[in-house]
Amino acid sequence: MMSAEPGYARLGEDEQTTVQPPLYEDRYLAVTRTALIIKRFYFPTLSARAIPWTAIEWVRLARDADVKWYELKMWGMGVGTIWWNCRARALTWDGGPKLHGMGEILATNVVVKVKGAWIRPGSFVEQPEAAMAAIGQLIYRSHAHSE
């Protein structure tokens with residue numbers, strides 16, 4: 001039996017032994033063909049949350065989801081309905097302290113609307129354009145469309 005490497009997802013029953021790399025992956029988020037995986041999500045274990053595409057209503061950048069400053073938090077839920085994965089959003093250390101402005105924070109975090117859930121998962125993303133391009137492909141494929 002083949003074991004999956006960390007960050008990779010198994011495909012459907014007909015391809016159980018096939019492992020494919022994610023379409024997008026960074027330290028905080030992975031976009032696979034079967035699910036959106038938010039890393040460093042659960043407290044206190046830092047384990048990931050995998051959300052199947054069929055359960056997702058939409059995924060948006062925080063700026064497009066109308067996220068307010070008071071809804072942001074380093075980990076968990078602030079004032080609002082978003083549960084954030086673990087990552088400092090306003091102040092980071094990348095060779096020295098760096099303070100991020102609100103525009104940058106809203107442009108580098110995604111919010112997920114899960115069908116039937118009022119709490120929305122949120123995650124930092126290192127390359128927002130690449131992540132949203134991969135997410136867009138899979139959201140389109142997994143949802144029924146009328147013509």
Side-chain angles (χ1 to χ4, degrees), residues 1-92 94 100 102-147:
M1 179 178 199
M2 181 191 285
S3 65
E5 294 179 37
Y8 286 59
R10 286 203 181 276
L11 299 176
E13 291 177 16
D14 58 329
E15 299 176 54
Q16 285 186 358
T17 59
T18 304
V19 176
Q20 291 191 348
L23 290 143
Y24 173 85
E25 184 172 28
D26 63 31
R27 293 178 291 175
Y28 305 94
L29 190 78
V31 177
T32 72
R33 295 193 184 281
T34 56
L36 180 67
I37 300 169
I38 300 177
K39 302 175 184 181
R40 301 174 169 204
F41 190 76
Y42 289 108
F43 180 85
T45 63
L46 286 175
S47 58
R49 177 175 181 186
I51 308 167
W53 292 108
T54 55
I56 296 174
E57 193 172 315
W58 51 258
V59 180
R60 297 180 182 150
L61 288 174
R63 70 172 178 231
D64 300 328
D66 200 28
V67 173
K68 307 292 187 233
W69 66 268
Y70 52 82
E71 294 179 286
L72 297 170
K73 190 168 182 179
M74 190 172 95
W75 189 5
M77 194 160 42
V79 176
T81 60
I82 303 169
W83 179 280
W84 297 101
N85 66 340
C86 183
R87 194 218 187 238
R89 283 170 176 73
L91 181 65
T92 58
D94 188 19
H100 301 279
M102 191 65 176
E104 183 179 359
I105 294 169
L106 295 178
T108 56
N109 284 272
V110 294
V111 177
V112 182
K113 173 65 174 120
V114 178
K115 294 175 185 172
W118 67 276
I119 295 177
R120 300 173 293 162
S123 176
F124 175 77
V125 60
E126 293 176 344
Q127 298 173 15
E129 294 82 15
M132 291 305 291
I135 288 167
Q137 291 175 26
L138 295 165
I139 287 276
Y140 182 80
R141 278 189 14 192
S142 67
H143 291 72
H145 300 283
S146 59
E147 298 193 23

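Because the structure is predicted, anything quoted here is derived from the model rather than measured.
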Check: When rounded to the nearest 0.5 angstrom, what is the spacing between OH in Y42 and OG in S47?
Finding: 7.0 Å

Note to self: Please check if the number of heavy atoms outside F43 that lie under 6.0 Å from its CZ is greater than 12.
What the structure shows: no

Next item on the list: Compare every heavy atom of R63 with every heavy atom of A107, then report the nearest pair and how far apart it is.
Entry: CB-NH1, 3.4 Å

Next item on the list: Show the numbers, then the answer: is there a side chain to side chain contact (heavy atoms under 4.5 Å, CB included) between R49 and V112?
Entry: CA-CA 12 Å; R49 177 175 181 186; V112 182; over 6 Å; no

Note to self: Do I37 and L29 make a side-chain contact, defined as non-hydrogen atoms from C-beta onward lying under 4.5 Å apart?
What the structure shows: no

Next item on the list: Grab the two heavy atoms, one from A131 and one from V31, that are nearest each other, plus how far apart they are.
Entry: O-CG2, 4.4 Å

Next item on the list: Check whether any side-chain heavy atom of V125 sits under 4.5 Å from a side-chain heavy atom of Y28, and report yes or no.
Entry: no

Next item on the list: Any chance you could measure M102, atom CE, to K68, atom NZ, to the nearest 0.5 Å?
Entry: 8.5 Å

Item checked: Working for side chain to side chain contact (heavy atoms under 4.5 Å, CB included), residues I135 and W53 -> CA-CA 9 Å; I135 288 167; W53 292 108; 4.0 Å; yes

Notebook entry, point to check: What is the distance from atom CD1 of I139 to atom CZ of R60, rounded to the nearest 0.5 Å?
Noted result: 10.0 Å

Next item on the list: Starting at CD of E126, measure out to OG1 of T108 and round the result to the nearest 0.5 Å.
Entry: 10.0 Å

Notebook entry, point to check: Which value, rounded to the nearest 0.5 Å, describes the distance between I38 atom CD1 and I51 atom CD1?
Noted result: 4.0 Å

Item checked: Salt-bridge present (E25, K39; N to O < 4.0 Å) -> yes

Next item on the list: Classify the ring geometry between F41 and W83 as parallel (under 30°), tilted (30 to 60°) or perpendicular (over 60°).
Entry: tilted

Next item on the list: Side-chain contact test, heavy atoms from C-beta onward, threshold under 4.5 Å: evaluate it for V111 versus W58 and give yes or no.
Entry: yes

Margin query: Tell me if a side-chain donor or acceptor on W84 pairs with a main-chain N or O of F124 at a distance below 3.5 Å.
Written below: no

Check: Knowing that exactly one of N109, I82, I105 qualifies, which makes a side-chain contact (heavy atoms from CB on, under 4.5 Å) with L72?
Finding: I105

Note to self: Quick check: do R87 and R40 have side-chain heavy atoms less than 4.5 Å from each other?
What the structure shows: no

Next item on the list: Kindly indicate whether the side chain of V110, heavy atoms from C-beta on, has any atom under 4.5 Å from the side chain of S123.
Entry: yes

Note to self: Let me confirm one number: the NZ-CD distance from K115 to E57, rounded to the nearest 0.5 Å.
What the structure shows: 7.5 Å

Notebook entry, point to check: Do L61 and M132 come within less than 4.5 Å of each other through their side chains, counting heavy atoms only?
Noted result: yes

Note to self: So L23 and T32, do their side chains get closer than 4.5 Å, heavy atoms only?
What the structure shows: no

